[in-house]
Amino acid sequence: MYINEQDNHLEVYTFVFVLFQKVLEQLCQERHKFGVKSELFDGLKKGTTVVEFSSPNIAKKFHAGHLRSTIIGNFIANLKESLGNNVIRVNYLGDWGMQFGLLGAGFQLFGCQEKLKKNPLQHLFDVYVQVNKEAENNEVIGQAAREFFRRLEQQEHQALLLWKQFREITVEEYQQVYKAFVGLNFCLNCFIKLKQKGTGVVDLSSAGDMSSYSTVLRSDGTSLYITRDLAAAIDRKERYNFDEMIYVTDKSQGIHFQQLFQILLAMGHSWAERCQHVPFGLVQGMKTRLGEVVFLEDVLDEARARMLRNMSQFLEIGISRILQAQGDTGVFLQYTHARLCSLIHRYGDGEEGAFDPSLLLDQRSISILQHLLRYDEVLYQSVQDLQPKHLVNFLMTLSHLAASAHRELPVKGSPQAVAQARLRLFGGVCTVLANGMKILGITPVEKM
């Protein structure tokens with residue numbers, strides 16, 4: 001059968017015309033739902049998802065390691081929520097265990113209530129570093145820490161009073177920290193109480209020969225990290241009846257969660273198969289015991305200082321050079337979004353009245369529209385491995401495409417029909433940028 005080349009070209013043209021018209025109409029009509037209603041997600045089960053992330057320790061400042069868990073965990077929660085899941089965000093505060101016994105014993109030796117009032121977490125951090133240093137060469141301090149934790153587990157009054165004081169101080173400061181993360185609402189969890197005698201272990205070996213096991217109870221009757229995680233998981237299932245639970249921590253805890261899920265299954269909790277650990281790389285050179293940490297407040301102070309320096313140099317070197325120096329960063333995403341918002345506020349978003357998709361068949365427009373068509377695929381990739389890299393790369397590429405189009409496809413001075421079509425295109429890009437940034441946990445700004 002002979003196919004006329006001109007007819008073939010016309011068919012392709014018509015297909016592209018209809019496809020682009022449909023995409024831009026969806027962006028106009030659905031906005032926040034664009035991409036998430038794709039048939040790609042038809043097979044995904046929706047339900048209640050518990051995401052445990054951030055999880056700093058009581059009496060310690062929020063540091064860069066907690067920040068990474070917070071950002072990734074918040075992304076996962078936002079992603080699941082955007083796809084229709086009921087998401088419960090859990091912040092499991094580390095307010096129990098031997099590390100707290102060490103701090104309690106250390107405060108009795110080196111603590112000062114006056115310093116605690118002036119700068120609470122800094123003083124507790126200094127005490128923790130000092131007592132760890134002393135404990136390296138002094139077994140008496142180690143014994144004092146074990147004794148303090150034993151008193152805690154037995155709910156001895158004076159030990160609990162000190163624990164409650166440290167906990168209240170820390171929760172108050174963390175609440176201020178989390179205000180910086182818009183939309184973060186946690187269920188703060190603390191699980192204690194487990195009273196038995198003797199060392200408790202669980203045989204995890206397939207042959208039942210104890211070649212692989214996990215200790216869940218110390219010989220003095222005190223609990224361990226995994227003991228409390230077991231209690232927490234069971235409590236959450238009873239409380240929330242979740243369909244899946246996701247833990248976001250650094251990769252060093254991989255074996256811990258593998259054993260946790262194995263023990264839960266051995267206890268007859270089949271829902272443990274729907275529990276998942278999402279690991280991330282360690283922040284190099286961070287050792288709290290030695291005082292070698294980077295605190296969030298220091299990171300934010302440095303970021304503010306750098307932005308102020310950039311702003312002071314704005315008139316001399318211009319915004320393009322500042323952004324070029326920053327590379328592919330959140331600043332670039334924000335700038336692109338703000339620039340598109342400015343364009344839309346000035347000329348409108350092109351949504352009123354009809355538009356002609358045939359006026360968007362130049363290479364710049366086609367590249368943008370082809371990229372927008374990948375948005376649902378990117379979200380699908382993200383929900384498969386729960387990694388933000390797919391969405392980050394997509395948004396960066398979209399921002400670069402939008403920047404080029406903004407330069408080469410002017411709205412001002414163009415015929416009305418052309419301007420209308422380009423505004424519809426830029427409005428669609430702006431919507432997808434905003435939606436994607438919100439899933440990443442970034443609040444889009446309209447001015448910079």
Side-chain angles (χ1 to χ4, degrees), residues 50-60 65-66 69 73 88-105 128 145-156 159-160 162-164 166-168 170-171 174 186-204 213-240 242 245-269 271-272 274-279 288-289:
V50 171
V51 185
E52 181 196 298
F53 61 103
S54 197
S55 303
N57 292 325
I58 288 295
K60 296 178 185 176
H66 302 132
S69 173
I88 298 166
R89 296 163 171 83
V90 173
N91 195 350
Y92 188 17
L93 300 184
D95 62 353
W96 211 251
M98 273 302 295
Q99 52 94 18
F100 201 91
L102 198 60
L103 179 64
Y128 186 72
R146 289 188 288 273
E147 174 61 21
F148 188 90
F149 182 47
R150 186 190 63 78
R151 288 165 55 201
L152 268 181
E153 292 238 311
Q154 292 181 349
Q155 300 190 39
E156 194 269 327
L160 278 178
L162 195 61
W163 171 79
K164 287 178 180 177
F166 292 171
R167 192 177 192 278
E168 288 170 2
T170 311
V171 169
Y174 283 162
F186 285 111
C187 298
L188 298 182
N189 278 253
C190 153
F191 297 92
I192 60 175
K193 298 180 182 177
L194 189 137
K195 300 179 180 178
Q196 292 181 22
K197 293 183 179 179
T199 301
V201 299
V202 177
D203 184 7
L204 299 176
Y213 65 88
S214 174
T215 302
V216 296
L217 195 68
R218 292 190 182 91
S219 58
D220 61 1
T222 56
S223 61
L224 288 92
Y225 182 29
I226 197 165
T227 324
R228 296 183 290 277
D229 265 355
L230 286 166
I234 295 168
D235 179 88
R236 290 171 193 169
K237 181 60 179 176
E238 293 174 353
R239 188 180 303 190
Y240 306 122
F242 59 77
M245 180 158 60
I246 300 166
Y247 297 84
V248 184
T249 73
D250 68 69
K251 63 181 181 181
S252 69
Q253 297 189 46
I255 294 176
H256 166 83
F257 284 105
Q258 182 182 342
Q259 292 183 342
L260 173 67
F261 303 152
Q262 280 185 273
I263 295 171
L264 286 168
L265 287 171
M267 293 170 68
H269 299 300
W271 46 262
R274 300 191 301 278
C275 293
Q276 180 180 358
H277 175 223
V278 176
T288 307
R289 288 184 177 86

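Below, all heavy atoms of this structure are taken into account, side chains as well, without hydrogens, waters or symmetry copies.
- Separating the CG atom in D229 from the CD atom in Q259 is a distance of 11.5 Å, to the nearest 0.5 Å.
- The aromatic rings of W271 and F242 stand perpendicular to each other, their planes meeting at an angle above 60°, with 30° marking the opposite boundary.
- Salt-bridge formation is detected for the pair E52/R236: a Lys NZ or Arg NE/NH1/NH2 atom is positioned less than 4.0 Å from an Asp or Glu carboxylate oxygen.
- The NE2 atom of H256 sits 7.5 Å away from the OH atom of Y247 when rounded to the nearest 0.5 Å.
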Steps toward side-chain contact (heavy atoms from CB on, under 4.5 Å) verdict (L152, W163): CA-CA 8 Å; L152 268 181; W163 171 79; 3.7 Å; yes
side-chain contact (heavy atoms from CB on, under 4.5 Å) between V248 and V51, worked out: CA-CA 8 Å; V248 184; V51 185; 4.3 Å; yes
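- Take L265 and apply the side chain to side chain contact (heavy atoms under 4.5 Å, CB included) test, not counting sequence neighbours, and it matches A272, E273.
- Rounding to the nearest 0.5 Å gives a distance of 12.0 Å between CZ of F148 and CD of E153.
- Smallest separation of non-hydrogen atoms from S54 and S69: N-OG, 2.8 Å.
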T249 vs F257, side-chain contact (heavy atoms from CB on, under 4.5 Å): CA-CA, chis, key distance, verdict: CA-CA 10 Å; T249 73; F257 284 105; 3.5 Å; yes
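- Between T215 and I226, the shortest heavy-atom distance links the atoms O-CG2, 3.5 Å.
- Of all the heavy atoms in F261 and C275, the pair that sits closest is CE2-CB, 3.4 Å.
- For E156, the side chain to side chain donor-acceptor pair (under 3.5 Å) partners are R151, not counting sequence neighbours.
- We find the CD1-CE distance between I263 and M267 to be 8.5 Å, quoted to the nearest 0.5 Å.
- For the atom pair I234 CD1 and L264 CG, the distance stands at 6.0 Å (nearest 0.5 Å).
- Ion pair E147/R150 flagged as a salt bridge, since at least one NZ, NE, NH1 or NH2 atom sits closer than 4.0 Å to an Asp/Glu carboxylate oxygen.
- Rounding to the nearest 0.5 Å gives a distance of 10.5 Å between OG of S214 and CG of D203.
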